[in-house]
Structure formats: C-alpha cells, structure tokens
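Numbers restart at 1 for each chain; the letters A, B, ... are given by sequence-line order, proteins then strands.
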Number of protein chains: 2
Amino acid sequence: MTLTQRKQPGLDETVGPCAPPKPVPRPDGQDRYTISEVAAHTGLSVHTLRWYERIGLMPTIDRSHTGQRRYTNRDLAWLSFVGKLRLTGMAVADMVRYADLVRQGDHTFAERRALLLATRESVLRRIGELQDTLTVLDFKIDFYADAPSASERL
Amino acid sequence: MTLTQRKQPGLDETVGPCAPPKPVPRPDGQDRYTISEVAAHTGLSVHTLRWYERIGLMPTIDRSHTGQRRYTNRDLAWLSFVGKLRLTGMAVADMVRYADLVRQGDHTFAERRALLLATRESVLRRIGELQDTLTVLDFKIDFYADAPSASERL
DNA sequence: CACTTGCCTGGAGTGCACTCCAGGTCTTTA
DNA sequence: TAAAGACCTGGAGTGCACTCCAGGCAAGTG
C-alpha cells in the first residue's frame, strides 16, 4: 500500500506557467536523462534506480563521457513496465528473471508469456481476496455506524 | 501474494471417514484449543501466534494450570478478523492500534470505524491499481501469443 | 525411569526491498 | 580558485513481518 504515495512530477513540465527552471537544461532536446530526472519522473529514488541496475533489473544504461548514467526513453518505458509489475505484487527476483528473459532474446517469448500469465492469475486471486475483505470491512463499518460510542449518544 | 498458500485443515475434522485420531483428545468438547490446534486451523505458525500476542495484537489468552495457552472460540474469531485485516494489506502496527482500541472499550467505536473506513479506501485503491496492471499484462500476453518465439515457428 | 513430545520464554536470525554512508570525481557558480 | 552540487562506487544499515534457537518444564509411553 505504500507504492502509490507519490505523484510523478514529470519530465514535461517545461511548458505551463511558473515552470521552474530546469536545473540542467540539456541543450539537446533529447533522449538522455540524468538519474535525478528519472527519479523525479518515476517517483523512484536515485538509490533505487542504481540498485535496480546492480541486481540486473535494468538493461545496460548509457554513460556520459564522465561516467554518469544517461537514461533513454526506452529505459523510461522499461521502468514504467517494471512499475506495473511491482504493482502486481511480483517479487523483485521474478522481475529480474523476466529481465533476464528479455536479454536472452526472442526465443524466450513463450517463457515470458507463461510468467505473465501466472502473474495475471495471482493478480486475479488478489483482487478476489481484497473484495472478500471489503465484505467484512463493510459489515463492521455498518456495525460501528449503527452503534455509535457511548460518548456520542448522550 | 504469499498469504494464501495454505488451505486450513480445520478443527472439525473429527467426523468423516478416516479421521486421524486427535493427538490430544480434549475430554471436554469445548472452547479450549492448544496453540498447535489454532496454528493448524488458521494456517499461522505457532511462532506467529505467540508473536501476535507479544506485540499486543491478541487479547489476553487463557492458560492451562501448567501455563500453556488455551484459545477460545472468541480468540479464533478475532484471529479470523485479523486475517482479513492482513489480507487488506494493513500494516501489523495498525492492527495493533485497532486491537488497542478494542481493549479500550466502546467509547472508541468512532475511531475504529474511521480506521476501517481508511482501510476500505486503501483496498479500493489497491483493487484499482491491480485492475490497471491487468490491462498491461493482457496487452503483453496477447503480444507474446501473436508473436511466438522463433523456436516455435519453424 | 528414561525418552519423546508439546509447550514455555527471551532474544537472535532471516529475507525482502529498499535506503543510506563514506569517500571520491567532475562541473558549474561566486 | 574555492566552494557547492550532482554524480559515482561498494558496502553497511533499516524496517517489516515473521522465523528460529537455546534452554527449560510437564505429561504421556515402553
């Protein structure tokens, strides 16, 4: 439940009134984002972004001539998909497995599909569980509404 | 997603064919279950049951004359509700808070209700998130179905 | 009466998913 | 040119929800 706390500020807030000056106004209007830009865009911390890379959840990220990471739109799209997988409740280790399959090429399509199908099933199960809890929750909430605390009914 | 692994064997399997002999056939047909019976019934480990008690998630549990825990049907009902709260994704600390409110008596009805309402909202949000992921999952699954791996289309 | 089994306790250990730190480089700004 | 700020690395630390351990007591069994 802690995954949706932060709304994403976005990379594209250069337009609009009161747009804050971009800290590093990349002259090329391009496909090369710094780690902090990506952090702002995705809502992940820079720590988490570097950690994702360490554990093999990211493809090889481009580097600037001084060795700083430069993320592409492609990387952003992958991060967005990873974010969806995270929302499914998939374990990070399984996401890494999926990333491995992607790295291995097209011949892993069937296995990737199987992984996603299993995930889909678990999402459906989880939705069912959550809906079950709603029944109980609503029952209790109604109970407390009908029987307000002694301090209230004087 | 690891919460629904085990199905509950149940306390009431004394009837039926091939019912295994109850290890400790409590002579009184009553309301006093040992910790391992409760573990079998709830799917929680005995460790977790004791831990729940330590952290204040349980009411005071009865003890036998030798100091062993004896759970009542009331305790079982509470554990079942706690299980539902756990399925909502509520943090254990918040469940403890709720248990505290219950201990404090009827004058906390309003606060309990507020807690459950907040939980209800977070469950609805979570269901929404999961449904969003299904869209992405289905899209990808279809993609992999339409474009089977090279090894398959020879 | 030894042995096994089930239970007790306080406290240590585990796995996960981050999160932060120390010590360093490079670039920009005053 | 000095200070500030964004970035780098390997590794340590954190919070959560358990999970297990050592050492001990009590009751039933061969």
So, taking the atom named CZ in B:Arg120 and the one named CZ in B:Arg113, what distance separates them when rounded to the nearest 0.5 Å? 10.5 Å
Candidate nucleotides D:dC8, C:dT19, C:dC7, ranked by approach to the side chain of A:Ile35 - the nearest: D:dC8
Using only side-chain N and O atoms of [X], determine if any of them is under 4.0 Å from OP1 or OP2 of [N].
X: B:Arg69; N: C:dC8; value: yes
X: B:Ser36; N: C:dC7; value: yes
X: B:Arg70; N: C:dC8; value: no
X: B:Arg50; N: C:dT9; value: no

Taking only nitrogen or oxygen atoms into account, show me every contact under 3.5 Å that the protein makes with nucleotides 10-12 of chain D, one pair per line with its distance.
unit_1	atom_1	unit_2	atom_2	d
D:dG11	N7	A:Arg54	NH1	2.9
D:dG11	O6	A:Arg54	NH2	2.8

Show the distances under 3.5 angstrom between N or O atoms of the protein and N or O atoms of nucleotides 24-26 of chain D.
none

DNA chain D: A:Gly67 or B:Met95, which has the more 5' nearest nucleotide?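 Residue closer to the 5' terminus by nearest nucleotide: A:Gly67.
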So, the side chain of A:Trp78 versus the backbone of A:Leu57: is there a donor-acceptor pair under 3.5 Å, distance only?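 Yes, because the side chain of A:Trp78 sits within donor-acceptor range (under 3.5 Å) of the backbone of A:Leu57.
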Would you confirm whether B:Thr42, through its side chain, and B:Val38, through its main-chain N or O, come within 3.5 Å as a donor-acceptor pair?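 Checking the backbone N and O of B:Val38 against the side chain of B:Thr42, a donor-acceptor pair under 3.5 Å is found.
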What pairs with A:Tyr98 under ring-ring contact (aromatic ring centres under 6.0 Å, His included), at least two apart in sequence or on another chain? A:Phe81
[X] and [Y]: side chain donor to acceptor below 3.5 Å:
X: B:Asn73; Y: B:Tyr33; answer: yes
X: B:Asp75; Y: B:Thr72; answer: yes
X: A:Thr119; Y: A:Ser122; answer: no

Contact list (N/O, under 3.5 angstrom) for nucleotides 13-17 of chain C vs protein:
unit_1	atom_1	unit_2	atom_2	d
C:dA17	OP1	A:Val92	N	3.4
C:dA17	OP2	A:Val92	N	3.4

List the residues meeting side chain to side chain donor-acceptor pair (under 3.5 Å) with A:Arg112, not counting sequence neighbours, and say none if there are none.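 Per chain and number, A:Arg112 pairs via side chain to side chain donor-acceptor pair (under 3.5 Å) with A:Thr108, B:Tyr144.
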Name all residues meeting the side chain to side chain donor-acceptor pair (under 3.5 Å) criterion together with B:Asp100; count only those two or more places apart in sequence or in a different chain, and write none if there are none. B:Arg103
